[in-house]
2 protein chains.
Amino acid sequence: MDTDTTELNRVLAAAAEAAPKAAESTPAQRAEWLTAAADALDAASSELLPLAAKETHLPEAPRLKGELARTTFQLRLFAKVLADGAFLGATVDHADPAWPMGPRPDIRRAAVPIGPVLVFAASNFPFAFSVAGGDTASALAAGCPVILKAHPGHPGLSARTGEILRTALVAAGAPEGIFAVIFGVETGVTALKDPRVAAASFTGSVPGGRALFDIAVSRPTPIPFYGELGSVNPVVVTPGAVKARGEEVAKGYVGSFTLGAGQFCTKPGLLFLPEGHGLDETLREAAGGVPRQHLLNERIAGGFGKGVERLRQQPEVTVLAQGEGSGEEYSPTLLSVRAADFLKADEVLRSECFGPASIVVTYSSQDELLAVLKELEPGLTATLQAEESEADDVRPILPALTRLAGRLLWNDWPTGVTVSWAQQHGGPYPGTTAPTTTSVGTAAIERFLRPVAWQGFPDALLPPALQEGNPWQLPRRTDGER
Amino acid sequence: MDTDTTELNRVLAAAAEAAPKAAESTPAQRAEWLTAAADALDAASSELLPLAAKETHLPEAPRLKGELARTTFQLRLFAKVLADGAFLGATVDHADPAWPMGPRPDIRRAAVPIGPVLVFAASNFPFAFSVAGGDTASALAAGCPVILKAHPGHPGLSARTGEILRTALVAAGAPEGIFAVIFGVETGVTALKDPRVAAASFTGSVPGGRALFDIAVSRPTPIPFYGELGSVNPVVVTPGAVKARGEEVAKGYVGSFTLGAGQFCTKPGLLFLPEGHGLDETLREAAGGVPRQHLLNERIAGGFGKGVERLRQQPEVTVLAQGEGSGEEYSPTLLSVRAADFLKADEVLRSECFGPASIVVTYSSQDELLAVLKELEPGLTATLQAEESEADDVRPILPALTRLAGRLLWNDWPTGVTVSWAQQHGGPYPGTTAPTTTSVGTAAIERFLRPVAWQGFPDALLPPALQEGNPWQLPRRTDGER
C-alpha cells in the first residue's frame, strides 16, 4: 500500500531532524551502525531469502544468497572506508604570508554530509541495489539520513529489510529518523520535490530515471540526482581472439547476456565479431541450450516481449536463435546484423533491451568497427576480447571504448561487478545522469558529501578532522604536501 | 561582434577534434602548457591592464594588477597539481580470489578528462573569473579543450587574453582547438546545446545561471553544469566581539561590503549585530567615508540603482547611510532592520543585491538569531566575528552557518578568496548548482574529470597512471592501502 501524505510528511520531518545529529556523528560511530546493520541482515537471511525468491522469481541459491552476502559485505566495506578516513578529503593550509598571490589565511577543508538522501530502489537486485544496497550504504556512511522509495517488484522484502535495517541502525546509536522505507510512485515523486531532500539516487531504466532527473533539476532548489540508467555494454572481439578461442568467447558471451535472464544493467547487448567469424552455430547452440527463465515481473516481461519482437522485425536483422516465451518466461533471443546495415538501421538496434536478448554485429574492418562505435551512446561498460599479441592493433580501439563507458574489460564479461576500492560503475549519459561519480565501490560515498572550508578558526571550534593535532589520525594534505 | 554560426561550428569541431589528443597528453605536458600560458599573460601585462581598466572601470593598481597576478599564479598552481598527480585518483585492486563477496578481478581506476568544456566568463573579475580564470585553468589542467564564452563587459580584453592564451598553449604543444573565445548571448546558448560540449561552468547571477543550468539539464544528453551564482554572505557578530572590538568590526565590515564597489560574489550582505550594539554611528561614518565608485557597466549600475531603491522602500527598514548615485557611480548604502521584522519582511531583504549595499540585522537573543539563520538561503560564505572566550556560546551557531555555506570564516572577511589546496568556493543552491564541487582552489579540477576503471587489462594496454610499475610515480591506493 502506498505511503500516505501524513506518513510521508512524518518520515521527511524525521529525516530532517536526524540530519544534523547524523552530521555530528563520528566516522567510527557510523562504522558501528553499518556493521550492526550487516550483522542483522545476515542473521535474518533465512527469513529474507525465501521472501526475495517469492517476490522476484530469482533462485534463492546461489543467486539471492550470493547477492545478500554481497550486500552485507558492502556495508562492512564502507565501515572500512570510514575507518580509513581519506573520504573526508581533509586538507590543511596554514597561514602563509609569503603565498605568491598574497598572504594566505589559515584555511582547512573537509567534507560534510549533504543532508537527507532519497534513494529509488531497483527491481533487478532486491538486496544489492535495493533497500540496504549500495546507495543506502554509501549515504549512511557519509552521515546522511536515507528515505528509501521501495521498488514495487518486492514490497514485502522491502518492508522487512527496512525494519531490520532501521532497528539495527538505531540500536547501534544512529538517530531516530536515520532510515525509512516509503512506497508508491506518486509518494516518491512528492518526496523528490520536498525541500527537505538534499540529494537523490536511482537505479533503473532510462525513461524512468530521466523523468525523475527532470523533476530533481526543475525544483526551485535543484538537487544532485545520481541516476544509473541504461547501457548496451558493447563487446568487441578481435580476429585474433576468434582464431585463438572463438568458441569459448561465443559461449562466454551467451552465458553473460543470459545471466539473471539478461536483467542486469551490465548485460552485454552488442557483440562485435569480425566477418567470417564462423561462430554462428556455436552461438545458436549455446543460446538454444539456455532454458526459459522467469522474468522479474509482469511489467518487465511485457516490455521485453514487445522489445524483442520489435528487434526481430528490423529488416536488416537475421535471427540466430529464436527465443520463445509465454507469460513471464522467456528463452534467449540472439540476432545478427552486418555493421554497414547497423549504421543505417533504426536506433532500436543500438538501445538497451532489458532481458535475455542480444545482437551480433559483424564488421568487415577495424575502420568500420570504429565507425559503429562512434555512433553508439555511452553507457556503463565496454569489453574487449583480444589477444595480447594484438596489443598494437587494438590500441586505436581503446579511446573509442573509453568514450563509451565508465568501466573497460579485457577478456572478461561485464555482468560481474565487484565491490572494491577501484570499482567504477558509471559513465556518461545515458549510462548515468552524473558522469563524474560511481554508484558501486568505495568512491560511491563521495556523492553524498559536500566540502566545507573553515578559515581562521581557533582549534577548539574546528571539526576534529581539521584540528591541528589531527585527533582522528586522518590522512591529510598539509600545506600542499601529502 | 557576436560569433556567427559558421565560426561557432568551426570552434566546436576543433574542440571535439582536440579532445582525444588532449586526453592523451601527460600531466607533465599539461603543466608545461599552463606555465607557458602564465608566462605569456604576465609578459603581456602592460597591454592587458590598461585594456581591462578601460573596459571595467576597475583601478589598474592595485586591483587589476593584483588580479592578473592571482590569475597567473592560479595557472602555475594547477601545474603543481598536475605534478603532484593525486588528482587522478589512481587506485589499483589486484585480483583477489579470497575477496569476501567472491573472487575479485584485477581492477584499476583513474580519472580521464570529461571532454570539451564551455566556460561562461564573469564580468566582475576580468582576469581571475574570465578568459584565463579558474574554470579555464582547471579544465585545461584536467585535459579538456575550453570554449570560452566572453562576458560582454570586457570584449576587447577577452579577445586579446584569448589570443595570448591560445597562442601560448599551442606553442607549448597543446593541440589546435584546445582553446577559443566566442561572443554573444545566443552563441553561448547554441554552444551549450551542442552535443560536442561535455560540461559547462558559469560565474554570475542567480537568474542568468539558473537559465543556463535549465538549458544544460534539458538537453537530450544532459551535462554537468557548474554554476557559481548568488550569495548573501551573512556575518554574525557576537556580544563579546562588539564589546571587545566593536568599532574595528564595524569598520572592517564596511570595508568588505564596499570593496570593489560591492561587486563580489562574496560581498557580505547581512550583518547580524546584537541589539544595543551602539555601532550605528561608527557604521554610518565608515560608510559615509567611502567615495562614489564606478560600477562595472550600465546594466549592473541600473540593476543596483533599482535594487537599492527597493530595499530602502521596505517599511521595516531604517537607513543608516544613504548612498548617492548618478549614472554608473554610487556611494554605499547601509540599512538596518530588527530581526523580528526581518522574519516578516519581503524576501528582497534576504536576497543578494549586487553592488555597494548591505543590511544590518539586530537580534535580541541567540534563539532569534538562529531563527533568522534558519530562514536564509544557502550561499558561498558565512562569517562569525566572536571572541575565543565565547567558544561554548557560539558552538550552537556553527551548524546553522555550515548549512548556509561552503566556506566559514572566523574573525575575517569573506571578500578575500585565496587560491590554495584547501579552498572551497561553493555551497548549496543558490550558492552554486553543484554543491559537491568548488570553483576555486586545486579541487576545482575534479569537476572536469570522470573516473574510468580498467578490468583485467595487460600492463602494456593500461594507461601509465595504472601500470604496475607506476611509471609516473603517482600516489596510489593499492589493495585498499594508501
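A note on names: the letters A, B, ... follow the listed sequences, proteins ahead of strands, and every chain is numbered from 1.
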Derivation of the side chain to side chain contact (heavy atoms under 4.5 Å, CB included) call for B:T72 and A:M101: CA-CA 9 Å; B:T72 57; A:M101 63 165 273; over 6 Å; no
What are the two closest non-hydrogen atoms of [X] and [Y], and how far apart are they?
X: A:R395; Y: B:A460; result: NH1-O, 3.1 Å
X: B:P224; Y: A:P435; result: CG-CG, 3.9 Å
X: A:R210; Y: B:P222; result: NH1-CD, 3.2 Å
X: B:L461; Y: A:W410; result: CD1-CZ3, 3.4 Å
X: A:P220; Y: B:Y429; result: O-CE2, 3.3 Å
X: A:L409; Y: B:F457; result: C-CE1, 3.5 Å

For a quick check under 3.5 Å, do A:Q423 and B:R109 share a side-chain donor-acceptor pair by atom type? no
Report which part of [X] has an atom under 4.5 Å of a heavy atom belonging to chain B: side chain, backbone, both, or neither.
X: A:D96; value: neither
X: A:R476; value: neither
X: A:S218; value: backbone
X: A:R70; value: both
X: A:F213; value: side chain
X: A:S420; value: both
X: A:P451; value: both
X: A:V206; value: neither

So which residue, [options], ends up with the most heavy-atom pairs under 4.5 Å with chain B?
options: A:T402, A:V112, A:V81, A:I114; value: A:T402
options: A:A391, A:P414, A:A19; value: A:A391
options: A:P20, A:A405, A:G89; value: A:A405
options: A:D412, A:N411, A:V419, A:L77; value: A:V419

Is it the case that the side chain of B:D93 and the backbone of A:W421 share a donor-acceptor pair, with hydrogens and angles ignored and the cut-off at 3.5 Å? yes
Using a cut-off of under 4.5 Å on heavy-atom pairs, state which of [options] scores highest against chain A.
options: B:P399, B:A69, B:P475; value: B:P475
options: B:G406, B:G427, B:G456, B:G102; value: B:G406
options: B:P428, B:A199, B:G426, B:P103; value: B:P428
options: B:A453, B:G416, B:A434; value: B:A453

Between the OG1 atom in B:T438 and the CZ atom in A:R450, the distance rounded to the nearest 0.5 Å is 12.0 Å
Roughly how far, to the nearest 0.5 Å, is OG1 of A:T91 from CD of B:Q424? 10.5 Å
In sequence, state the C-alpha distance, the side-chain angles, and the governing distance for B:I107 and A:T418, and then conclude on side chain to side chain contact (heavy atoms under 4.5 Å, CB included). CA-CA 9 Å; B:I107 184 165; A:T418 196; 4.2 Å; yes
Region of B:T433 that comes under 4.5 Å of a non-hydrogen atom in chain A: neither
Assess the residue pair A:D84 and B:R482 against the criterion (side chain to side chain contact (heavy atoms under 4.5 Å, CB included)); give the C-alpha distance rounded to whole Å, side-chain angles, the decisive distance to 0.1 Å, and a yes or no. CA-CA 9 Å; A:D84 174 86; B:R482 280 175 276 104; 3.1 Å; yes
